[in-house]
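Reckoned from all heavy atoms, side chains included, excluding hydrogens, waters and symmetry mates.
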Amino acid sequence: MNTFVIGAHGKVGKLLVQELSQKDNEHVFAGLRNASQFSEYENMTNVTPVTFDLTAQADDMADIFKDNAIDSVVFSAGSGGNTGDDQTLVIDLDGAIKSMLATQKAQIKRYVMVSSMGSDDRSVWDKSNLHGYFIAKHYADEYLTHNTDLDYTILRPATLSDTAGNGKVELNPSDLYNRKVSRQNVAKFISAVLEDNGTINKEYAFSDGDKTISDVL
């Protein structure tokens, strides 16, 4: 399987590329903003770094997918915490939607969206300092579910941490907003979802927990 990771320079994206690259049946295309970031992946087995610009047109993105015979797309990109709402709209909303359009234009079906805890709960937006971010994530998710025919999965991880991941999570914990999840566990969850067609057209909110990902799926 050829999997394209959009946002491969991000913390979750890097861990996902590493996770997928260890599988014998997987080749990973690491979508990066510019060629100066290629050095992180040039010597990694089963990984091809590719320049991928979320401000480009959907047709240009689709050509990249077609040229590399991509089978599945993972959106794990974000404008970053140091940008304003304008860039959040450009990357997390418009960029995400263009990547969906490109996936369809390239006649690819499988698409995994790494969203955010609270993107489906407006009460969370007002309590946060990331109102624009949640709005962008919410409407990107809405477009994916209601305006595409992609075989999607939406992941809504709890607050991210850099602790080591043990592959154990909890789905829909009642106190999700007070929970954390290892970025490594998020990468492991994405990897598992890509191999499980039973996750198609489903959404998962999760934190670190005590059950294996394979068990909860």
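- Minimum heavy-atom separation, Lys137 to Ala77: NZ-O, 3.6 Å.
- Expressed to the nearest 0.5 Å, how far OH of Tyr41 lies from OG of Ser21 amounts to 9.0 Å.
- A continuous path of ILVMFWY side-chain contacts below 4.5 Å connects Ile108 to Phe52, so both sit in one hydrophobic cluster.
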Hey, mind stepping through Asp94 and Leu89 against side-chain contact (heavy atoms from CB on, under 4.5 Å) and telling me if it holds? CA-CA 6 Å; Asp94 191 47; Leu89 289 174; over 6 Å; no
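- Looking only at distances, no side-chain donor or acceptor of Lys180 sits under 3.5 Å from a matching main-chain atom of Thr163.
- Closest approach of Met61 to Ala102, counting heavy atoms only: CB-CB, 3.5 Å.
- When all heavy atoms of Ala8 and Val17 are compared, the pair lying nearest together is CB-CG2, 4.0 Å.
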Quick one: do Asp53 and Arg33 satisfy salt bridge (charged side-chain N to carboxylate O under 4.0 Å, His left out)? Show the steps, please. CA-CA 6 Å; Asp53 183 4; Arg33 198 175 304 126; over 6 Å; no
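- Counting heavy atoms from C-beta outward, Leu32 and Thr51 have side chains that stay 4.5 Å or more apart.
- A continuous path of hydrophobic side-chain contacts links Val114 to Leu171 [ILVMFWY only; heavy atoms under 4.5 Å].
- Contact check for Glu40 versus His9: side-chain heavy atoms found under the 4.5 Å cut-off.
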Take Phe29 and His27 through the ring-ring contact (aromatic ring centres under 6.0 Å, His included) test and state the conclusion after the steps. CA-CA 7 Å; Phe29 291 82; His27 192 91; 5.0 Å; yes
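- Two residues are said to be in side-chain contact when any heavy atoms from C-beta on lie closer than 4.5 Å; Val50 and Phe4 meet this criterion.
- Hydrophobic clustering (side-chain heavy atoms under 4.5 Å, transitive across Ile, Leu, Val, Met, Phe, Trp, Tyr) keeps Leu101 apart from Val112.
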How far apart are the C-alpha atoms of Leu155 and Val193, what are their side-chain angles, what is the distance that settles it, and do they pass the side-chain contact (heavy atoms from CB on, under 4.5 Å) test? CA-CA 9 Å; Leu155 304 183; Val193 159; 4.2 Å; yes
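- Annotation: side chain of Thr55 is in contact with side chain of Ile91 (closest heavy-atom distance under 4.5 Å).
- Between atom OG of residue Ser72 and atom CG of residue Leu150 there is a gap of 12.0 Å, rounded to the nearest 0.5 Å.
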How far apart are the C-alpha atoms of Asp162 and Lys11, what are their side-chain angles, what is the distance that settles it, and do they pass the salt bridge (charged side-chain N to carboxylate O under 4.0 Å, His left out) test? CA-CA 9 Å; Asp162 290 320; Lys11 289 184 177 180; 3.6 Å; yes
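- The pair Arg156-Asp141 meets the salt-bridge criterion, with a side-chain N (NZ, NE, NH1 or NH2) lying under 4.0 Å from an Asp/Glu carboxylate O.
- Phe206 and Phe189 have parallel rings, their planes meeting at less than 30° on a 0 to 90° scale where 60° marks the start of perpendicular.
- Across His138 and Asp120, no two heavy atoms sit closer than the pair ND1-CA, 4.1 Å.
- Remark: side-chain polar atoms of Asp92 are not paired, donor with acceptor, to backbone N or O of Ala136 under 3.5 angstrom.
- Within the model, atoms OG1 of Thr3 and NZ of Lys23 stand 8.5 Å from one another, a figure rounded to the nearest 0.5 Å.
- Using a 4.0 Å cut-off between charged side-chain N and carboxylate O, Asp208 and Lys168 make no salt bridge.
- The shortest distance between side-chain heavy atoms of Asn185 and Lys188 falls below 4.5 Å.
- No donor-acceptor pair under 3.5 Å is formed between the side chain of Ser182 and the backbone N or O of Ser161.
- Atom OG1 in Thr103 sits 10.5 Å away from atom CZ in Phe75 (nearest 0.5 Å).
- Put simply, the side chain of Thr148 gets close to the backbone of Leu144: a donor and an acceptor are under 3.5 Å apart.
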Pair Ile190-Val12, side-chain contact (heavy atoms from CB on, under 4.5 Å): steps then yes or no: CA-CA 10 Å; Ile190 299 167; Val12 171; 4.1 Å; yes
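- Atom CD of Glu142 has more than 12 heavy atoms from other residues, nucleotides or ligands within 6.0 Å.
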Working for side-chain contact (heavy atoms from CB on, under 4.5 Å), residues Asp121 and Val124: CA-CA 6 Å; Asp121 184 353; Val124 175; 3.6 Å; yes
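- Asp196 contributes atom CG, which lies 8.5 Å from atom OG1 of Thr153 (distance to the nearest 0.5 angstrom).
- Ser116 places no side-chain N or O within donor-acceptor distance of the main-chain N or O of Ser119, the cut-off being under 3.5 Å.
- Remark: Asn43 CG is loosely packed, at most 12 non-hydrogen atoms of other residues, nucleotides or ligands lying under 6.0 Å away.
- Under the 4.5 Å side-chain criterion, counting only non-hydrogen atoms from C-beta, Ile97 is in contact with Leu93.
- Minimum interatomic distance between Ser207 and Ala158 (heavy atoms only, all atoms of both residues): CB-CB, 3.9 Å.
- Closest heavy-atom contact between Pro49 and Glu42: CG-CG, 4.3 Å.
- Using a 4.5 Å cut-off on side-chain heavy atoms (C-beta onward), Ile200 and Arg110 make contact.
- When hydrophobic clusters are built by joining Ile, Leu, Val, Met, Phe, Trp and Tyr residues whose side-chain heavy atoms come closer than 4.5 Å, directly or via intermediates, Met1 is not grouped with Val47.
- By the rule that hydrophobic residues join a cluster once side-chain heavy atoms approach within less than 4.5 Å of another member, Met100 and Ile70 end up as members of one cluster.
- Lys211 is not listed as a side-chain neighbour of Glu170, based on a closest heavy-atom distance of 4.5 Å or more.
- Atom CD1 of Ile154 and atom OG1 of Thr199 lie 11.5 Å apart (nearest 0.5 Å).
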